[in-house]
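Every chain is numbered from 1 and lettered A, B, ... according to where its sequence line falls, protein lines coming before strand lines.
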There are 2 protein chains.
Amino acid sequence: MNNNAWGALSDDTRREIVMLLRSRPHTAGEISDQFELAPATVSHHLSVLKGCGLVKCERRAQTLIYSLNQSAFRALAKELTKLYS
Amino acid sequence: MNNNAWGALSDDTRREIVMLLRSRPHTAGEISDQFELAPATVSHHLSVLKGCGLVKCERRAQTLIYSLNQSAFRALAKELTKLYS
DNA sequence: CCTGTATTTCGATTGTTTTCTAATTATAGA
DNA sequence: TCTATAATTAGAAAACAATCGAAATACAGG
(Lines give C-alpha, C1' and ligand atoms only; values in the text may rest on other atoms or scores of the structure.)
Protein backbone atom coordinates (compact mmCIF):
# COMPACT_ATOMS: atom_id res chain seq x y z
CA MET A 1 0.00 0.00 0.00
CA ASN A 2 3.04 2.21 -0.16
CA ASN A 3 2.35 5.55 -1.79
CA ASN A 4 -1.44 5.31 -1.48
CA ALA A 5 -2.53 8.04 0.88
CA TRP A 6 -6.19 6.99 0.60
CA GLY A 7 -5.30 3.55 1.84
CA ALA A 8 -3.25 5.06 4.63
CA LEU A 9 -6.27 7.04 5.81
CA SER A 10 -8.63 4.10 5.51
CA ASP A 11 -7.47 2.72 8.86
CA ASP A 12 -9.07 4.07 12.07
CA THR A 13 -5.87 3.92 14.10
CA ARG A 14 -3.94 5.83 11.46
CA ARG A 15 -6.56 8.57 11.30
CA GLU A 16 -6.35 8.84 15.09
CA ILE A 17 -2.58 9.13 14.86
CA VAL A 18 -2.99 11.94 12.35
CA MET A 19 -5.39 13.74 14.67
CA LEU A 20 -2.89 13.38 17.50
CA LEU A 21 -0.13 14.88 15.40
CA ARG A 22 -2.35 17.73 14.27
CA SER A 23 -1.79 19.48 17.62
CA ARG A 24 1.98 19.00 17.80
CA PRO A 25 4.78 16.55 16.96
CA HIS A 26 4.99 13.44 19.16
CA THR A 27 7.61 10.78 19.74
CA ALA A 28 6.87 7.22 18.66
CA GLY A 29 6.54 6.27 22.32
CA GLU A 30 4.04 9.02 23.07
CA ILE A 31 1.96 7.95 20.11
CA SER A 32 2.17 4.30 21.04
CA ASP A 33 1.01 5.11 24.59
CA GLN A 34 -2.28 6.44 23.24
CA PHE A 35 -3.31 3.10 21.80
CA GLU A 36 -4.03 -0.35 23.17
CA LEU A 37 -1.84 -1.90 20.54
CA ALA A 38 1.64 -3.36 20.62
CA PRO A 39 4.38 -0.78 19.95
CA ALA A 40 5.34 -2.80 16.88
CA THR A 41 1.83 -2.36 15.50
CA VAL A 42 1.87 1.39 16.02
CA SER A 43 5.32 1.51 14.48
CA HIS A 44 3.91 -0.24 11.44
CA HIS A 45 1.10 2.31 11.16
CA LEU A 46 3.64 5.12 11.40
CA SER A 47 5.65 3.57 8.60
CA VAL A 48 2.55 3.40 6.40
CA LEU A 49 1.82 7.08 7.05
CA LYS A 50 5.45 7.91 6.39
CA GLY A 51 5.53 5.75 3.27
CA CYS A 52 2.85 7.83 1.57
CA GLY A 53 4.34 11.10 2.78
CA LEU A 54 1.55 12.16 5.13
CA VAL A 55 3.92 12.24 8.10
CA LYS A 56 7.62 12.82 8.43
CA CYS A 57 9.99 11.96 11.22
CA GLU A 58 13.32 13.04 12.56
CA ARG A 59 15.60 11.45 15.11
CA ARG A 60 16.49 13.24 18.32
CA ALA A 61 18.90 11.11 20.36
CA GLN A 62 17.14 7.78 21.06
CA THR A 63 13.71 9.05 20.12
CA LEU A 64 12.03 9.52 16.77
CA ILE A 65 9.76 12.52 16.50
CA TYR A 66 6.83 12.27 14.14
CA SER A 67 4.94 15.21 12.70
CA LEU A 68 2.39 15.90 9.97
CA ASN A 69 3.48 16.81 6.49
CA GLN A 70 0.97 19.57 5.83
CA SER A 71 1.87 19.93 2.18
CA ALA A 72 1.08 16.27 1.51
CA PHE A 73 -2.34 16.78 3.05
CA ARG A 74 -2.95 19.87 0.97
CA ALA A 75 -1.97 17.92 -2.16
CA LEU A 76 -4.38 15.16 -1.19
CA ALA A 77 -7.17 17.65 -0.60
CA LYS A 78 -6.54 19.00 -4.07
CA GLU A 79 -6.65 15.51 -5.54
CA LEU A 80 -9.94 14.85 -3.77
CA THR A 81 -11.42 18.04 -5.16
CA LYS A 82 -10.38 17.06 -8.68
CA LEU A 83 -12.00 13.69 -8.18
CA TYR A 84 -15.51 15.06 -7.95
CA SER A 85 -15.69 18.67 -9.12
CA MET B 1 -15.04 -1.56 4.48
CA ASN B 2 -18.66 -0.53 4.31
CA ASN B 3 -19.14 3.07 5.35
CA ASN B 4 -15.44 3.93 5.05
CA ALA B 5 -15.07 6.40 2.21
CA TRP B 6 -11.28 6.46 2.59
CA GLY B 7 -11.15 2.74 2.00
CA ALA B 8 -13.47 3.10 -0.97
CA LEU B 9 -11.11 5.61 -2.56
CA SER B 10 -8.02 3.54 -1.81
CA ASP B 11 -8.69 1.33 -4.84
CA ASP B 12 -7.46 2.49 -8.27
CA THR B 13 -10.45 1.12 -10.15
CA ARG B 14 -12.88 2.85 -7.83
CA ARG B 15 -11.12 6.19 -8.23
CA GLU B 16 -11.32 5.73 -12.00
CA ILE B 17 -15.03 5.00 -11.72
CA VAL B 18 -15.46 8.21 -9.74
CA MET B 19 -13.60 10.17 -12.42
CA LEU B 20 -15.84 8.64 -15.08
CA LEU B 21 -18.95 9.68 -13.18
CA ARG B 22 -17.63 13.19 -12.63
CA SER B 23 -18.57 14.11 -16.20
CA ARG B 24 -22.06 12.60 -16.21
CA PRO B 25 -24.08 9.65 -14.88
CA HIS B 26 -23.38 6.28 -16.50
CA THR B 27 -25.15 2.95 -16.56
CA ALA B 28 -23.49 -0.02 -14.90
CA GLY B 29 -22.82 -1.47 -18.34
CA GLU B 30 -21.17 1.69 -19.63
CA ILE B 31 -18.94 1.75 -16.57
CA SER B 32 -18.13 -1.92 -16.86
CA ASP B 33 -17.14 -1.45 -20.52
CA GLN B 34 -14.38 0.95 -19.51
CA PHE B 35 -12.49 -1.69 -17.54
CA GLU B 36 -10.83 -4.99 -18.31
CA LEU B 37 -12.56 -6.59 -15.40
CA ALA B 38 -15.50 -8.96 -15.15
CA PRO B 39 -18.87 -7.18 -14.86
CA ALA B 40 -19.27 -8.85 -11.46
CA THR B 41 -16.09 -7.20 -10.27
CA VAL B 42 -17.13 -3.74 -11.42
CA SER B 43 -20.52 -4.31 -9.84
CA HIS B 44 -18.75 -5.06 -6.57
CA HIS B 45 -16.76 -1.81 -6.81
CA LEU B 46 -19.97 0.10 -7.46
CA SER B 47 -21.55 -1.43 -4.40
CA VAL B 48 -18.57 -0.36 -2.27
CA LEU B 49 -18.86 3.21 -3.57
CA LYS B 50 -22.59 3.12 -2.97
CA GLY B 51 -22.14 1.59 0.49
CA CYS B 52 -20.17 4.58 1.73
CA GLY B 53 -22.47 7.06 0.01
CA LEU B 54 -20.03 8.42 -2.56
CA VAL B 55 -22.26 7.34 -5.42
CA LYS B 56 -25.96 6.81 -5.74
CA CYS B 57 -27.95 4.88 -8.30
CA GLU B 58 -31.43 4.78 -9.72
CA ARG B 59 -33.12 2.22 -11.88
CA ARG B 60 -34.39 3.10 -15.34
CA ALA B 61 -36.06 0.07 -16.89
CA GLN B 62 -33.44 -2.71 -17.06
CA THR B 63 -30.53 -0.41 -16.45
CA LEU B 64 -29.13 1.07 -13.28
CA ILE B 65 -27.78 4.57 -13.60
CA TYR B 66 -24.93 5.53 -11.29
CA SER B 67 -23.96 9.08 -10.43
CA LEU B 68 -21.77 10.90 -7.94
CA ASN B 69 -23.15 12.06 -4.65
CA GLN B 70 -21.52 15.47 -4.55
CA SER B 71 -22.56 16.21 -1.00
CA ALA B 72 -20.82 13.08 0.28
CA PHE B 73 -17.63 14.23 -1.43
CA ARG B 74 -17.94 17.67 0.08
CA ALA B 75 -18.42 16.11 3.52
CA LEU B 76 -15.33 13.99 2.98
CA ALA B 77 -13.31 17.01 1.89
CA LYS B 78 -14.37 18.72 5.10
CA GLU B 79 -13.34 15.70 7.16
CA LEU B 80 -9.96 15.67 5.44
CA THR B 81 -9.43 19.33 6.23
CA LYS B 82 -10.25 18.72 9.88
CA LEU B 83 -7.75 15.90 9.94
CA TYR B 84 -4.74 18.14 9.38
CA SER B 85 -5.61 21.80 9.88
C1' DC C 1 -45.74 -16.74 -19.68
C1' DC C 2 -41.34 -17.04 -22.09
C1' DT C 3 -37.12 -15.03 -23.82
C1' DG C 4 -33.44 -11.75 -23.89
C1' DT C 5 -30.82 -8.02 -21.85
C1' DA C 6 -28.87 -5.69 -17.79
C1' DT C 7 -27.01 -6.27 -13.64
C1' DT C 8 -26.25 -8.29 -9.15
C1' DT C 9 -25.30 -11.98 -5.74
C1' DC C 10 -22.88 -16.29 -4.43
C1' DG C 11 -18.95 -19.04 -3.41
C1' DA C 12 -14.23 -19.88 -4.13
C1' DT C 13 -9.51 -18.39 -4.73
C1' DT C 14 -5.70 -15.49 -4.30
C1' DG C 15 -3.43 -11.54 -2.55
C1' DT C 16 -3.05 -7.89 1.06
C1' DT C 17 -3.43 -5.83 5.67
C1' DT C 18 -3.50 -5.94 10.68
C1' DT C 19 -1.70 -7.61 14.57
C1' DC C 20 1.26 -10.05 17.61
C1' DT C 21 5.82 -11.77 19.87
C1' DA C 22 10.60 -12.13 19.42
C1' DA C 23 14.74 -10.43 17.70
C1' DT C 24 17.35 -6.48 16.02
C1' DT C 25 19.21 -1.71 15.48
C1' DA C 26 20.41 2.90 17.26
C1' DT C 27 21.88 5.80 20.76
C1' DA C 28 23.38 7.58 25.38
C1' DG C 29 25.79 7.25 29.48
C1' DA C 30 28.56 4.87 33.11
C1' DT D 1 32.68 -1.69 26.16
C1' DC D 2 28.45 -2.88 28.64
C1' DT D 3 23.82 -1.85 29.86
C1' DA D 4 19.48 0.42 29.42
C1' DT D 5 16.04 2.81 26.70
C1' DA D 6 13.58 3.86 22.29
C1' DA D 7 11.97 2.12 18.41
C1' DT D 8 12.07 -0.81 14.31
C1' DT D 9 12.21 -5.07 11.53
C1' DA D 10 11.13 -10.07 10.88
C1' DG D 11 8.12 -13.73 10.58
C1' DA D 12 3.69 -15.79 11.31
C1' DA D 13 -1.48 -16.04 12.16
C1' DA D 14 -5.90 -14.26 11.32
C1' DA D 15 -9.02 -11.09 9.11
C1' DC D 16 -10.17 -8.72 5.03
C1' DA D 17 -10.47 -7.36 0.04
C1' DA D 18 -10.22 -8.08 -5.14
C1' DT D 19 -11.35 -10.99 -8.57
C1' DC D 20 -13.65 -14.50 -11.28
C1' DG D 21 -17.27 -17.79 -13.32
C1' DA D 22 -21.75 -19.37 -12.53
C1' DA D 23 -26.27 -18.72 -10.88
C1' DA D 24 -29.90 -15.57 -9.69
C1' DT D 25 -32.89 -11.34 -10.00
C1' DA D 26 -35.29 -7.51 -12.46
C1' DC D 27 -37.50 -5.80 -16.12
C1' DA D 28 -39.39 -5.20 -21.11
C1' DG D 29 -41.60 -6.89 -25.03
C1' DG D 30 -43.72 -10.32 -27.70
**Student:** So which one's nearest nucleotide on DNA chain D is more toward 5', B:Val42 or B:Arg60?
**Tutor:**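 Going by which nucleotide is closer to the 5' end, it is B:Val42.
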
**Student:** Can you check whether A:Thr27 has a side-chain N or O nearer than 4.0 Å to OP1 or OP2 of D:dA7?
**Tutor:**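 Checking D:dA7 against A:Thr27, a side-chain N or O does come within under 4.0 Å of OP1 or OP2.
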
**Student:** Which is more 5' along DNA chain C, the nucleotide nearest A:Ala40 or the one nearest B:Thr63? Just name the residue.
**Tutor:** B:Thr63

**Student:** Check every strand shown and say whether A:Ala61 touches a base, only sugar-phosphate, or nothing at a heavy-atom separation below 4.0 Å.
**Tutor:** sugar-phosphate

**Student:** Within this structure, what is the CH2-to-P distance between B:Trp6 and D:dC16, rounded to whole angstrom?
**Tutor:**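 Checked: the CH2 to P distance equals 22 Å.
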
**Student:** How many Å lie between CD on B:Glu58 and C1' on D:dA26, as a whole number?
**Tutor:**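 Computing the B:Glu58:CD to D:dA26:C1' distance gives 16 Å.
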
**Student:** For the pair made of CG in B:Asp12 and P in D:dA17, what is the distance, rounded to whole Å?
**Tutor:**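 For the pair B:Asp12 CG and D:dA17 P, the rounded distance is 16 Å.
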
**Student:** Just grab all the side-chain hydrogen bond (donor to acceptor under 3.5 Å, both in side chains) pairs involving residues 76-85 of chain B, residues at least two apart or on different chains.
**Tutor:**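 Counting only pairs at least two positions apart or across chains, the side-chain hydrogen bond (donor to acceptor under 3.5 Å, both in side chains) contacts touching residues 76-85 of chain B are B:Trp6-B:Glu79.
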
**Student:** For A:Leu64 and D:dA6, what is the distance between atoms CG and P respectively, to the nearest whole Å?
**Tutor:**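 Between P of D:dA6 and CG of A:Leu64: 12 Å.
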
**Student:** I want to confirm an ordering. Mapping A:Gln62 and A:Glu36 to their closest nucleotides on DNA chain C, which one lands closer to the 5' end?
**Tutor:** A:Glu36

**Student:** Round to a whole Å and report the spacing from CG of B:Leu37 to P of D:dA18.
**Tutor:**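 B:Leu37 atom CG is separated from D:dA18 atom P by 11 Å.
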
**Student:** Across the strands shown, which category fits A:Phe35 at heavy-atom distances under 4.0 angstrom: base, sugar-phosphate, nothing?
**Tutor:** nothing

**Student:** Answer yes or no: is there a donor N or O on one side and an acceptor on the other, between the side chain of B:Asn4 and the main chain of A:Ser10, under 3.5 Å?
**Tutor:** yes

**Student:** Rounded to whole angstroms, how far apart are CG on A:Leu49 and P on C:dT18?
**Tutor:** 10 Å

**Student:** Given C:dA6, is OP1 or OP2 found less than 4.0 Å from the side-chain N or O atoms of B:Tyr66?
**Tutor:** no

**Student:** Okay, side chain of A:Asn69, backbone of A:Lys56: is any donor-acceptor separation there less than 3.5 Å?
**Tutor:**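 Answer holds: no.
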
**Student:** Is the backbone of B:Leu9 close enough, under 3.5 Å, to the side chain of B:Arg15 for a donor and an acceptor to pair up by distance?
**Tutor:**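 Judged by distance alone, yes, a pair lies under 3.5 Å.
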
**Student:** Let me know the distance between NE2 of A:His45 and P of C:dC20, rounded to the nearest Å.
**Tutor:**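 From A:His45 NE2 to C:dC20 P: 8 Å.
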
**Student:** Under 4.0 angstrom, heavy atoms only, what part of the nucleic acid is B:Ala28 near: base, sugar-phosphate, or nothing?
**Tutor:**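 Counting heavy atoms under 4.0 Å across all strands, the contact made by B:Ala28 is with sugar-phosphate only.
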
**Student:** With a 4.0 Å limit, can you tell me whether A:His44 has a side-chain N or O closer than that to the phosphate oxygens OP1/OP2 of D:dT9?
**Tutor:** no

**Student:** Reckon B:Thr41 has a side-chain N or O less than 4.0 Å from the OP1 or OP2 of D:dT19?
**Tutor:** no

**Student:** Please give, in whole Å, the distance from C:dT7 C1' to B:Lys50 NZ?
**Tutor:**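 It works out to 12 Å between those atoms.
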
**Student:** Answer yes or no: is there a donor N or O on one side and an acceptor on the other, between the side chain of A:Arg59 and the main chain of A:Ala61, under 3.5 Å?
**Tutor:** yes

**Student:** Please tell me if B:Arg14 has a side-chain N or O lying less than 4.0 Å from either OP1 or OP2 of D:dA18.
**Tutor:** yes

**Student:** Looking for any heavy atom pair under 4.0 Å, which part of the strands does A:Ser32 touch: base, sugar-phosphate only, or nothing?
**Tutor:** nothing

